[in-house]
Amino acid sequence: MKIEKQLNSSHPRLLLFFAGWSASPESFTGLKAENGTDIMLCYDYRDMTFHEDLSSYKEIHLIAWSMGVRMAELALAGKYALTTATAINGTPRPIDDNFGIPENIFRGTLDNLTAEGMKRFNRRMCGSRDILAQHEKFPARPLEEVKDELQHIYNLCNGQSMTNADDTTSIQWTRAIISSDDHIFPAANQRNYWNGRCPVTEITAPHYPFYLWKQWNEL
């Protein structure tokens, strides 16, 4: 994976963010952190290698969005004690008819990922013309690159439905945020997974909700 870093060697806290599929770091760099906090933005999951040494941090606050929820579990694999772990519009079962994106919809996106298909996905992700216009100001990654990434995510996650795998995760999630107007990761499926597992906050927003906040600590 690729990691965009905002670091100061004396900072005791880390904000570790795992973005969703196809995301560019510029979509999130406008969010600021509290004083004394480093930021690492992880994206592009064609390679899941995570070699960062986080042992110097007294606090690690994980925020993961969409496919980044499962990608964080695969990358970190319980290596670090997390102070908080917040999942936004995603679950550890990202390709699942009851707890994630239904597999036929995921496969349809993968099989029809053209330039026009990417535009349709972004419209559904943003939910409104105004949010889409803001999102389109950020640089887009090459189509072949994000298609390779989606195929790799499918290969990693396919077959890991709740009916075929044990109900274990490598991260103790402390909070889940669900957008009621999510047209990518169905809100009902998110509720099915998170209810009873950790505190859940519901917001009125589309799948991409980051325009709501100016600082990471608001999450």
Could you tell me whether the side chains of [X] and [Y] share a donor-acceptor contact shorter than 3.5 Å?
| X | Y | answer |
| --- | --- | --- |
| Thr37 | His11 | no |
| Ser10 | Asn8 | yes |
| Asn155 | Gln151 | yes |
| Gln190 | Asp182 | yes |

- Item | Ser66: partners by side-chain contact (heavy atoms from CB on, under 4.5 Å), with sequence neighbours left out |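 For Ser66, the residues satisfying side-chain contact (heavy atoms from CB on, under 4.5 Å) (neighbours in sequence not counted) are Phe185, His207.
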
- Message: My understanding is that only residues two or more places apart in sequence, or in another chain, count here; which of them pass side-chain contact (heavy atoms from CB on, under 4.5 Å) with Glu145?
- Response: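 With neighbours one apart ignored, the set is Lys2, Asp44, Arg46, Arg141, Pro142.
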
- Query: Could you give all pairs that pass the salt bridge (Lys or Arg N to Asp or Glu O under 4.0 Å) test and reach residues 113-125, with sequence neighbours left out?
  - Reply: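 Listed once each, the pairs are Glu116-Arg123.
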
- Message: With a 6.0 Å cut-off on the ring centroids, do Tyr45 and His152 count as close?
- Response: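 Centroid separation for Tyr45 and His152: 6.0 Å or greater.
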
Report yes or no: does [X] contribute a side-chain atom to a donor-acceptor pair with the main-chain N or O of [Y] at less than 3.5 Å?
| X | Y | result |
| --- | --- | --- |
| Thr83 | Ile60 | yes |
| Asp97 | Glu103 | yes |
| Tyr208 | Ser27 | yes |
| Arg13 | Asn35 | yes |

List the atom pairs, with distances to 0.1 Å, where a side-chain N or O of residues 15-26 and a protein N or O form a donor-acceptor pair under 3.5 Å, not counting sequence neighbours.
unit_1: Trp21; atom_1: NE1; unit_2: Val146; atom_2: O; d: 2.7
unit_1: Ser24; atom_1: OG; unit_2: Pro139; atom_2: O; d: 2.8

- Which distance, rounded to the nearest 0.5 Å, do you find between the CD of Glu52 and the CD1 of Ile3?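 Glu52 CD to Ile3 CD1: 4.0 Å, rounded to 0.5 Å.
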
Could you pull out all donor-acceptor pairs under 3.5 Å where a side-chain atom in residues 209-219 meets a protein atom, sequence neighbours excluded?
unit_1: Trp216; atom_1: NE1; unit_2: Leu31; atom_2: O; d: 3.4
unit_1: Glu218; atom_1: OE2; unit_2: Lys214; atom_2: N; d: 2.9
unit_1: Glu218; atom_1: OE2; unit_2: Gln215; atom_2: N; d: 2.9

- Task: Scan residues 171-181 for pairs that pass side chain to side chain donor-acceptor pair (under 3.5 Å), counting only residues two or more places apart or in two chains.
- Result: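 Output for this query lists Glu73-Trp173, Asn89-Ser179, Arg175-Thr201.
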
